[in-house]
Participant: 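Just passing along the structure, written as structure tokens.
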Amino acid sequence: MSLLLKNALLVEPDLNKVAEGNIVIRNGLIDRKDFRADNEIDCKGKFVAPGIIDLGVKVSEPGESHKESFESAGKAAAAGGVTTIITRPDTKAAIDTPEAYDFVKKKGNDDCIVNVFHIAALTKERKGREICEIGMLKDAGAIAFSDCDNVIQDNKIFSRALKYASTFDALIIGHPQEKSLSQGAVSTSGKFATLMGLPSVSPIAERIGLERDLALVEMTNAKYHFDQITTISSIEVLKRAKKSGLDISAGTSIHHLSFNELDIADYKTFFKLKPPLRSENDRLETIEAVRDGTIDIISSMHTPQDEESKRLPFEEAASGAIGLETILPAMLRLYHSNHLKMDQIFNAISLKPAKRLGLACGSLKHKKIADLIIFDADKPFILNRELLHSKVKNTPFDGHKLQGQVLRTFVKGKEVFSL
Amino acid sequence: MSFTQKHLLGIEGLAQSAILEILDKAEKYAELNLKTNKRVDILAGLTQINMFFENSTRTQASFELAGKRLGADVMNMQLQGSSIKKGETLVDTALTLNAMRPDLLVVRHPHSGAVDLLSQKVNCSVVNAGDGQHEHPTQALLDALTIRRTKGRLHRLNIAICGDIAHSRVARSNMFLLGKMENRIRLIGPPTLMPSKISEFGVEVYYDMIEGLKDVDVVMMLRIQRERMDGGFIPSEREYFQLYGLDFKKLSHAKEDAIVMHPGPMNRGVEIDGDIADDITRSVIQEQVEMGVAVRMAIMELLSRNQNNKYKKLLT
């Protein structure tokens with residue numbers, strides 16, 4: 001079976017360009033040389049891009065499959081143009097043993113229509129006390145190791161974990177945050193938090209976390225990724241650190257690129273995130289950091305929360321938002337507002353995460369795996385959260401006017417979604 | 001008619017004219033409360049439920065008395081811990097009570113924004129009796145009425161708010177109200193008890209009490225929680241009293257006729273010298289309590305009027 005996508009605007013992040021052309025999906029691979037095909041789709045005016053690789057998705061399975069399962073997450077991903085999800089281990093219970101890993105691996109393979117890889121916990125139960133069996137987990141397939149938002153505070157344990165992991169060349173993903181400052185905080189300190197009377201944390205807590213982690217990375221030579229960089233002062237630190245030759249990379253979340261602290265007005269808990277939303281200046285500077293490459297990767301930080309855990313006073317409500325289905329239209333806002341170019345967007349959501357994780361996708365080059373999407377970048381719509389495929393609907397974009405919709409999604413050459 | 005809201009959730013959303021309408025109405029109730037027969041039946045047949053998710057004796061008693069003097073059936077619910085411990089959420093509690101068809105809910109909750117959330121889920125009027133570190137609108141209104149009655153006006157005054165600003169909803173509501181009335185506001189307290197970017201609210205911030213009190217007309221003291229003085233925010237009680245406790249020496253820097261206020265309950269010898277609190281030439285603390293009932297009566301009357309107007313509109 002082969003399929004020709006003709007007259008498409010091909011987004012090529014590795015060449016930093018977008019150009020009209022033809023592309024063939026043949027036997028699950030991309031063919032850029034032979035344009036003969038059994039079927040064809042005219043993609044005039046539409047973009048064809050490598051599928052999104054979403055680093056740090058929570059699929060609440062095991063433990064809370066009423067919030068999200070591999071099946072529902074897969075459907076949401078396919079509809080959102082995400083062809084690979086990298087799951088987080090902060091499930092109930094944490095993915096901290098080869099046995100638990102085998103469970104999610106099997107679930108992922110059986111139930112999910114897009115590619116799935118899994119991050120394993122760095123310490124047992126993500127408690128920051130005992131190191132997980134990194135060697136065995138890596139053999140089982142763990143793509144990275146992270147305690148997610150549980151920052152390991154004990155520097156001795158953390159540095160040992162980093163050192164131990166470095167012998168396996170394992171990627172560690174950390175959450176830069178100084179816990180003693182951020183404990184109990186639900187907003188970013190400033191005029192608005194004061195007005196709302198909410199416990200708040202200074203953006204400096206992120207920088208302190210970042211600087212501590214950097215020092216330990218320097219000491220241990222670990223391969224390290226910062227999950228979310230969201231403030232001006234940590235971007236400055238990151239910029240300097242990147243020049244020092246450490247094996248580091250950084251990410252941010254689509255929500256921190258889309259919203260600012262004012263969006264929590266009226267105590268809207270769907271905007272309660274970790275770290276909390278920042279000032280408008282921080283948001284703009286974070287976009288700039290994506291543009292200049294200081295921040296490598298953008299993820300949705302998909303975090304399903306049910307109504308019960310969100311319909312509470314702001315301080316008591318759970319944090320996190322779903323994002324698999326909204327990451328592309330939200331990124332396209334930045335394209336339409338001329339903040340980012342199309343190839344910059346796909347560098348951050350496809351090529352760079354692929355490279356960092358050692359995956360053979362994220363590109364439209366000849367003979368690459370045909371994980372790709374066709375989308376209309378202009379199509380306007382109003383987001384109705386009830387129509388999303390995730391089991392729970394905690395999206396901050398509900399009722400928002402968005403532009404850009406995925407028309408078809410292919411995983412390994414197989415169509416998994418079409419509008 | 002300037003106060004047209006269905007709920008009283010905070011001062012922030014009120015116009016100057018709405019505040020004045022409430023105060024004028026309260027003035028009448030202050031007169032009524034001096035009479036032997038203090039009862040009017042404006043709220044007869046209506047049900048008022050006081051939901052207190054946080055300890056309170058004074059505020060709750062004040063709301064209860066206000067409701068009863070207006071003829072409402074008043075029910076008190078002490079909710080701290082009880083149903084919350086059973087896993088029932090705030091919204092569930094609200095929906096349960098809503099089904100009992102109350103006309104007025106008076107709510108205090110330890111978390112900011114909780115009263116807003118609750119007001120979205122019920123049909124009746126909601127009065128915020130204090131939410132977390134956010135607002136305490138009736139306290140600010142009763143303070144305003146007290147100031148207006150003793151000073152003869154509620155504008156162009158120098159007003160100092162002293163103490164634990166960061167954790168105080170009273171400070172926030174007062175800051176909003178007195179700002180809207182065009183007064184000059186000074187906040188005085190240790191830097192550890194000042195919220196971030198507070199100077200952007202059009203107030204002057206002082207860390208030195210003597211400097212801050214210079215020539216003020218009104219000194220508002222705030223209650224300081226004892227647990228803040230165990231070294232976390234300030235080193236000790238005695239150091240706090242020495243630096244920020246109101247005594248006659250510090251008060252002498254204020255205007256000669258400056259009044260002293262406190263929302264209660266007071267920590268004598270911590271934030272305020274007991275003798276000042278009892279000095280009837282300076283302290284208006286008892287009058288504040290008295291005005292509390294009047295202000296709350298006024299608000300309840302206005303809220304029930306606003307509800308009635310809404311029904312009338314729906315019918316015509």
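Below, chain A is the first sequence line, B the second, and so on; all start at residue 1.
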Participant: Can you tell me which portion of Glu135(B) sits under 4.5 Å from chain A's heavy atoms? Options are side chain, backbone, both or neither.
Facilitator: neither
Participant: Pick from His167(B), Lys197(B), Gln133(B), His134(B): which one has the most heavy-atom pairs with chain A under 4.5 Å?
Facilitator: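 Of His167(B), Lys197(B), Gln133(B), His134(B), His134(B) has the most heavy-atom pairs under 4.5 Å with chain A.
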Participant: Do Leu312(A) and Val91(B) come close enough that some side-chain heavy atom pair is under 4.5 Å?
Facilitator: no
Participant: Hey, could you give me the CG/CG distance between Leu117(B) and Asp266(A), rounded to the nearest 0.5 Å?
Facilitator: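 One finds 11.0 Å between CG of Leu117(B) and CG of Asp266(A).
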Participant: What's the separation between atom CG in Asp116(B) and atom NZ in Lys268(A), rounded to the nearest 0.5 Å?
Facilitator: 12.5 Å
Participant: Any donor-acceptor pair under 3.5 Å linking the side chain of Arg172(B) with the backbone of Thr194(A)?
Facilitator: yes
Participant: With rounding to the nearest 0.5 Å, note down the distance linking CG in Leu195(A) to CZ in Phe201(B).
Facilitator: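 Leu195(A) atom CG to Phe201(B) atom CZ measures 4.5 Å (nearest 0.5 Å).
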Participant: At what distance, to the nearest 0.5 angstrom, does CE of Met196(A) lie from OG of Ser112(B)?
Facilitator: 8.0 Å
Participant: Less than 4.5 Å apart, side chain to side chain, heavy atoms only: is that true for Lys191(A) and Ile198(B)?
Facilitator: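 Lys191(A) does not reach Ile198(B) side chain to side chain.
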Participant: I need the Asp131(B) CG to Phe314(A) CZ distance, nearest 0.5 Å.
Facilitator: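 Between atom CG of Asp131(B) and atom CZ of Phe314(A) there are 13.5 Å.
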Participant: Taking atom CZ of Arg129(A) as the centre, report whether more than 12 heavy atoms of other residues, nucleotides or ligands fall under 6.0 Å from it.
Facilitator: no
Participant: Taking the side chain as every heavy atom from C-beta outward, state whether His111(B) and Leu198(A) have any pair of such atoms under 4.5 Å apart.
Facilitator: no
Participant: May I ask you to list the residues in residues 178-196 of chain B that approach chain A closer than 4.5 angstrom, counting heavy atoms only, ordered by number?
Facilitator: Pro195(B), Ser196(B)
Participant: Using non-hydrogen atoms and a limit below 4.5 Å, what part of residues 387-402 of chain A faces chain B?
Facilitator: none
